[in-house]
Amino acid sequence: MDKILIRDLKVFAYHGVNEEEKINGQNFIFDIDAFVDISVPCASDDVDDTVSYAKIIKETVKIFTFQKDDLLERAAQRVADGLFERFEKIQALRILLKKPEAPIKADFGYVGVEIFRERKGNGEK
């Protein structure tokens, strides 16, 4: 299936189990694959026939920064739910949510979660 790709979207937010993470905040990084049939916009060359990656980014930031979650799992699920609600053309989502500044005493690139969700047959997620 076709997909719209967003890579290395950096968002500053206040998620984490530790209280200082909710006070000080930190950077998070998203990789998003939005599975969308892009055959119509391929023929029409009309942005209204697709799902704008700019709008996906704007909505992701809005949803992710709206509240503070303890777990990345919950934050990623909230983003998926919100994107399905806002963009009916998205049939599935793969969201990789990275936390490169996690307060762990170790040398690592990032910790994170990855979820894959599909829209159900009748438009439900």
inquiry  = So which atom in Ile63 and which in Gly82 form the shortest heavy-atom distance, rounded to 0.1 Å?
reply    = CD1-CA, 3.5 Å
ask   = If you measure from CZ on Phe35 to CE on Met1, what distance do you get to the nearest 0.5 Å?
value = 8.5 Å
task = Provide the full list of salt bridge (Lys or Arg N to Asp or Glu O under 4.0 Å) pairs with a residue in residues 4-16, sequence neighbours left out, each pair given once.
result = Arg7-Asp33, Asp8-Lys98
key: Any donor-acceptor N/O pair, Ser52 side chain to Ala54 backbone, under 3.5 Å   = yes
ask   = What are the two closest non-hydrogen atoms of Asn27 and Pro100, and how far apart are they?
value = O-CD, 3.5 Å
query = What side-chain hydrogen bond (donor to acceptor under 3.5 Å, both in side chains) pairs are there with at least one residue in residues 53-69, not counting sequence neighbours?
reply = Gln67-Asp69, Asp69-Arg74, Asp69-Arg78
query = Which ILVMFWY residues are connected to Val17, directly or by a chain of links, through side-chain heavy atoms under 4.5 Å apart?
reply = Leu71
remark   = Rounded to the nearest 0.5 angstrom, the CG-CD1 distance for Leu96 and Ile32 is 10.0 Å
key: salt bridge (Lys or Arg N to Asp or Glu O under 4.0 Å) contacts touching residues 35-45 (sequence neighbours left out)   = none
Name the atoms and distances for all side-chain donor-acceptor pairs under 3.5 Å in residues 104-117, with sequence neighbours left out.
residue, atom, partner, partner atom, Å
Glu114, OE2, Arg94, NH1, 2.4
Arg117, NE, Gln77, OE1, 2.8
Arg117, NH2, Gln77, OE1, 3.0

query = Which ILVMFWY residues can you reach from Phe12 by hopping between side chains whose heavy atoms are under 4.5 Å apart?
reply = Tyr14
task = Could you grab the distance from atom CD1 of Ile56 to atom CD1 of Ile6, nearest 0.5 Å is fine?
result = 4.5 Å
message = Using the rule given for salt bridge (charged side-chain N to carboxylate O under 4.0 Å, His left out), can you reason through Lys99 versus Glu21, listing the C-alpha separation, both sets of side-chain angles and the distance that settles it, and then say yes or no?
response = CA-CA 11 Å; Lys99 188 174 181 178; Glu21 293 178 285; 2.6 Å; yes
query = With distance as the sole test, does Lys22 use its side chain to make a donor-acceptor pair with the main-chain N or O of Gly16 at under 3.5 Å?
reply = yes
inquiry  = Suppose we screen for side-chain hydrogen bond (donor to acceptor under 3.5 Å, both in side chains). Which residues come up paired with Gln91, at least two apart in sequence or across chains?
reply    = none
message = Would you say that Ile90 contacts Phe84 through its side chain, given a criterion of any heavy-atom pair below 4.5 Å between the two side chains?
response = yes
ask   = So do Leu9 and Ile29 actually touch side chain to side chain, heavy atoms under 4.5 Å?
value = no
ask   = Hey, does Leu97 have a side-chain heavy atom less than 4.5 Å from the side chain of Leu72?
value = yes
request  = Please name all residues satisfying side chain to side chain contact (heavy atoms under 4.5 Å, CB included) with Glu20, sequence neighbours left out, ordered by chain then number.
outcome  = Asn18, Asn24
inquiry  = According to ring-ring contact (aromatic ring centres under 6.0 Å, His included), who are the partners of Phe30, at least two apart in sequence or on a separate chain?
reply    = Phe64
